[in-house]
Amino acid sequence: MASLNVGGLGEYLREQRRNAQLSLRQLADAAGVSNPYLSQIERGLRKPSAEVLQQVAKALRISAETLYVRAGILDAERDRDEVETRAVILADPTLNERQKQVLLQIYESFRKENGFGGTEEDGEAVPAGPRPGAEASTSKGGEAAVRHGGEAAVGDDSDPRRTAG
């Protein structure tokens with residue numbers, strides 16, 4: 001299998017793991033990923049998702065942002081406030097993963113609306129929030145829902161067939 005260009009992520013992770021005096025197996029257990037998968041990341045054979053990087057960063061007690069940059073998920077020159085806002089949302093233990101993703105989508109849609117989203121210099125699209133014309137709302141339980149043409153894309157309390165009881 002060919003090595004992926006993930007900006008020295010594997011070597012950096014191995015160095016951080018060794019500095020923390022953790023075995024590969026210990027880090028894998030702490031991060032909630034499989035030992036073979038973590039080994040493949042360290043050897044540059046796999047490019048992990050942002051969620052996996054966040055779990056590994058938490059287990060190593062290091063910045064997830066640093067791992068995102070090394071993995072090529074974030075541009076090192078990106079707006080610092082945006083990076084910090086995303087990191088705070090992703091690190092919030094009171095939100096589940098679905099809620100975090102919805103909140104990030106809403107945040108990105110507001111940034112786009114205000115002229116800060118769109119495409120990067122190389123022409124690749126920045127991960128988009130809700131599609132144009134989508135509206136974000138909050139259900140009775142305070143849970144965010146993203147609606148597309150009246151259909152609830154996310155949110156348990158937003159089924160129009162439910163009646164208040």
Side-chain angles (χ1 to χ4, degrees), residues 1-112 116-131 136 141-146 152-156:
M1 195 180 295
S3 179
L4 298 174
N5 181 12
V6 289
L9 174 66
E11 296 92 17
Y12 180 76
L13 279 177
R14 182 177 293 123
E15 179 183 320
Q16 294 301 311
R17 177 177 59 78
R18 288 180 177 160
N19 288 342
Q21 299 180 340
L22 293 172
S23 70
L24 193 63
R25 188 173 307 281
Q26 288 171 320
L27 179 56
D29 288 344
V33 298
S34 76
N35 189 37
Y37 182 60
L38 187 57
S39 173
Q40 290 174 342
I41 294 169
E42 280 194 1
R43 291 181 287 142
L45 301 176
R46 297 273 183 206
K47 183 174 180 179
S49 68
E51 290 80 15
V52 168
L53 289 175
Q54 181 187 7
Q55 292 169 242
V56 171
K58 188 175 181 181
L60 287 170
R61 297 181 180 177
I62 61 174
S63 164
E65 176 187 337
T66 302
L67 296 184
Y68 296 159
V69 170
R70 288 187 178 264
I73 294 172
L74 287 180
D75 180 0
E77 301 301 316
R78 224 172 178 181
D79 179 16
R80 188 100 179 131
D81 291 339
E82 177 191 3
V83 170
E84 289 173 358
T85 300
R86 291 175 181 278
V88 168
I89 291 169
L90 290 171
D92 189 332
T94 64
L95 301 175
N96 65 38
E97 290 306 311
R98 183 183 55 75
Q99 291 168 330
K100 291 175 186 179
Q101 292 308 311
V102 170
L103 192 51
L104 288 172
Q105 287 177 341
I106 293 168
Y107 174 68
E108 183 64 30
S109 72
F110 286 145
R111 286 183 50 80
K112 274 177 101 170
F116 292 99
T119 59
E120 292 182 319
E121 291 173 15
D122 62 3
E124 282 189 29
V126 172
R131 291 176 292 206
E143 197 168 74
V146 178
V154 182
D156 299 331

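Because only heavy atoms are used, hydrogens play no part in the values below, and waters and symmetry mates are left out as well, while side chains stay in.
Residue Lys58 qualifies as open at atom NZ: its count of foreign heavy atoms under 6.0 Å is 12 or below.
Across all non-hydrogen atoms, the minimal contact from Ile62 to Gln16 is CG2-OE1, 3.7 Å. The minimum heavy-atom distance between Ala31 and Ala59, with the atom names listed, is N-CB, 3.9 Å. Across Leu27 and Arg17, no two heavy atoms sit closer than the pair CD2-CD, 3.8 Å. Between Ile73 and Ser49, the shortest heavy-atom contact is CD1-C, 4.3 Å. Between Ala57 and Ala64, the shortest heavy-atom contact is CB-CA, 3.6 Å. The two atoms that bring Lys100 and Leu90 nearest to each other are NZ-O, 2.8 Å, heavy atoms only.
At a threshold of 4.5 Å between non-hydrogen side-chain atoms, the residues Leu9 and Tyr68 do not count as touching. Ile89 is listed as a side-chain neighbour of Thr85, based on a closest heavy-atom distance under 4.5 Å. With a 4.5 Å cut-off on side-chain heavy atoms, Ile41 and Val52 count as touching.
Atoms OG and CD, from Ser63 and Glu84 in turn, are 9.5 Å apart once rounded to the nearest 0.5 Å. The distance from atom CD of Gln40 to atom NZ of Lys47, rounded to the nearest 0.5 Å, is 16.0 Å. The CG atom of Leu67 sits 7.5 Å away from the CG atom of Leu60 when rounded to the nearest 0.5 Å. Atom CD of Gln26 and atom CG of Asn35 lie 10.5 Å apart (nearest 0.5 Å). Atom CG of Leu103 and atom CG of Leu95 lie 6.5 Å apart (nearest 0.5 Å). With rounding to the nearest 0.5 angstrom, the CG atom of Leu38 is 9.5 Å from the OG atom of Ser23.
Checked for salt-bridge contact, Arg86 and Glu82 meet the test: a charged N lies under 4.0 Å from a carboxylate O. By the 4.0 Å N-to-carboxylate-O rule, Arg14 lies too far from Glu11 to be salt-bridged with it.
For the residue pair Glu51 / Gln101, a side-chain donor-acceptor distance below 3.5 Å is found, with atom types taken as modelled. A donor-acceptor contact closer than 3.5 angstrom links the side chains of Ser39 and Arg43.
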